Amino acid sequence: MYLPSADRYTAMPYRRAGRSGLKLPALSLGLWHNFGGDRTPETQGAILRRAFDLGITHFDLANNYGPPPGSAEESLGRALATDFARLRDELVISTKAGYHMWDGPYGEWGSRKYLRSSLDQSLKRLGIEYVDIFYSHRPDPDTPLEETMGALDTAVRQGKALYVGLSNYSAAQTREAAAILRALGTPLLIHQPRYSMLDRHIEADGLPDVLDELGAGSIAYSPLEQGILTDRYLHGVPAGSRAAGDSPFLSADALTPGLLERLRALDAVAKDRGQSLAQLALAWVLRGGRLTSAVVGASSTGQLENSVEAVANLDFTDGELARIEGLLADATTG
């Protein structure tokens with residue numbers, strides 16, 4: 001029987017999601033890549049248990065995470081029925097719907113038909129009665145926003161979700177969606193954008209300012225840019241890495257000589273701070289306390305432990321920030 005660490009809440013910072021009553025750990029565990037049918041349940045269970053022992057109380061999913069789609073929710077469902085059966089009230093579980101999940105006209109995007117069907121399927125795979133946060137995973141250009149937000153509101157009113165969120169919405173879309181949700185009586189809790197040292201599009205779009213104005217939280221995904229912001233690629237593309245394979249999310253072509261030079265310079269900054277490059281990248285995303293949390297993935301407990309060490313040093317001097325900003329000027333992943 002799994003007995004969680006007695007001091008699991010002592011080191012991890014917890015931040016309030018906007019003006020809500022919900023707090024999230026500074027680092028959340030994402031089940032995007034490493035919880036599908038291609039990984040062993042033993043490894044997955046070890047990562048989940050270690051995450052919880054380190055104070056990570058938030059497990060982030062989507063209906064299509066795997067592979068195959070749905071298998072990540074099934075993997076967590078097994079853990080919830082065994083290791084975490086007595087711990088549901090100490091966990092925040094989120095899932096999303098919006099990307100392709102099944103064939104036909106009702107298997108993706110943002111219709112009421114799809115969102116409600118998807119959530120019911122997610123709850124069945126997870127083996128639970130409700131998720132804590134249900135997200136619209138992406139805006140639907142062909143469905144009225146009122147319909148998509150109405151489906152999120154219905155999920156809360158039916159008791160199938162406690163809070164609702166958005167992911168991959170622009171600042172303008174977020175403002176409009178939040179107004180609809182507010183009128184329905186289900187306020188927007190949180191937005192999950194892609195955000196990292198190498199992808200700062202939300203700053204130019206003004207999304208952080210809009211979320212502050214709305215009183216909504218924010219949680220960054222891909223803060224390590226699919227592993228680019230780690231020590232794995234400092235000297236090129238190693239065999240067996242994601243970039244060396246056929247991953248649709250990262251190719252060797254993205255690791256240009258200019259980018260590798262910039263990564264090595266950032267690694268030097270990290271070493272001066274007593275951190276790894278990954279820890280620096282996570283600390284930078286979480287700097288100043290403006291973001292609620294950052295989602296990290298892990299293929300092993302050691303990788304997870306390395307990420308969590310970032311929370312021990314989230315403060316930057318003005319000189320460090322200026323040095324980093326200089327290195328990030330005009331940075332791209334391509």
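Please read all numbers here as calculations on a predicted model, not as lab measurements.
With sequence neighbours left out, the side chain to side chain donor-acceptor pair (under 3.5 Å) criterion links E74 to no other residue. The side chain to side chain donor-acceptor pair (under 3.5 Å) check on D315 picks up nothing, with sequence neighbours excluded. Listed by chain and residue number, nothing satisfies the salt bridge (Lys or Arg N to Asp or Glu O under 4.0 Å) test with K113 (two or more places apart in sequence, or in another chain). Residues that satisfy the salt bridge (Lys or Arg N to Asp or Glu O under 4.0 Å) test with R273, not counting sequence neighbours, are E320. Shown here are the salt bridge (Lys or Arg N to Asp or Glu O under 4.0 Å) partners of E261, two or more places apart in sequence or in another chain: there are none. For the salt bridge (Lys or Arg N to Asp or Glu O under 4.0 Å) test, residues two or more places apart in sequence or in another chain that qualify with R125 are E73. By the ring pair (Phe, Tyr, Trp, His ring centres under 6.0 Å) test, F59 pairs with F84, sequence neighbours left out. Listed by chain and residue number, E90 satisfy the side chain to side chain donor-acceptor pair (under 3.5 Å) test with R8 (two or more places apart in sequence, or in another chain). With sequence neighbours left out, the ring pair (Phe, Tyr, Trp, His ring centres under 6.0 Å) criterion links H137 to Y99. With sequence neighbours excluded, no residue forms a ring pair (Phe, Tyr, Trp, His ring centres under 6.0 Å) with F35.
D209 has no carboxylate O lying under 4.0 Å from a charged side-chain N of R175, or vice versa, which leaves the two without a salt bridge. Salt-bridge formation is not detected for the pair K160/E129: no Lys NZ or Arg NE/NH1/NH2 atom is positioned less than 4.0 Å from an Asp or Glu carboxylate oxygen. For K271 and D267, the salt-bridge test passes: some basic side-chain N is under 4.0 Å from an acidic carboxylate O.
Between the side chain of T148 and the main chain of G110, a donor-acceptor pair closer than 3.5 Å is present.
Here side chain to side chain donor-acceptor pair (under 3.5 Å) pairs that include residues 42-52, with residues two or more places apart or in two chains, are T40-T43, Q44-S75, R49-D83, R50-E305.
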Name every donor-acceptor pair, under 3.5 Å, that has one atom in a side chain of residues 277-287 and the other anywhere in the protein, sequence neighbours excluded.
unit_1 : atom_1 : unit_2 : atom_2 : d
Q279   : OE1    : S276   : N      : 2.9
Q279   : NE2    : N306   : O      : 2.8
Q279   : NE2    : E309   : OE1    : 3.2
R287   : NH1    : Y195   : OH     : 3.4
R287   : NH1    : W284   : O      : 2.7
R287   : NH2    : Y195   : OH     : 3.3

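Put simply, the side chain of F134 reaches to within 4.5 Å of the side chain of L152, judged on heavy atoms.
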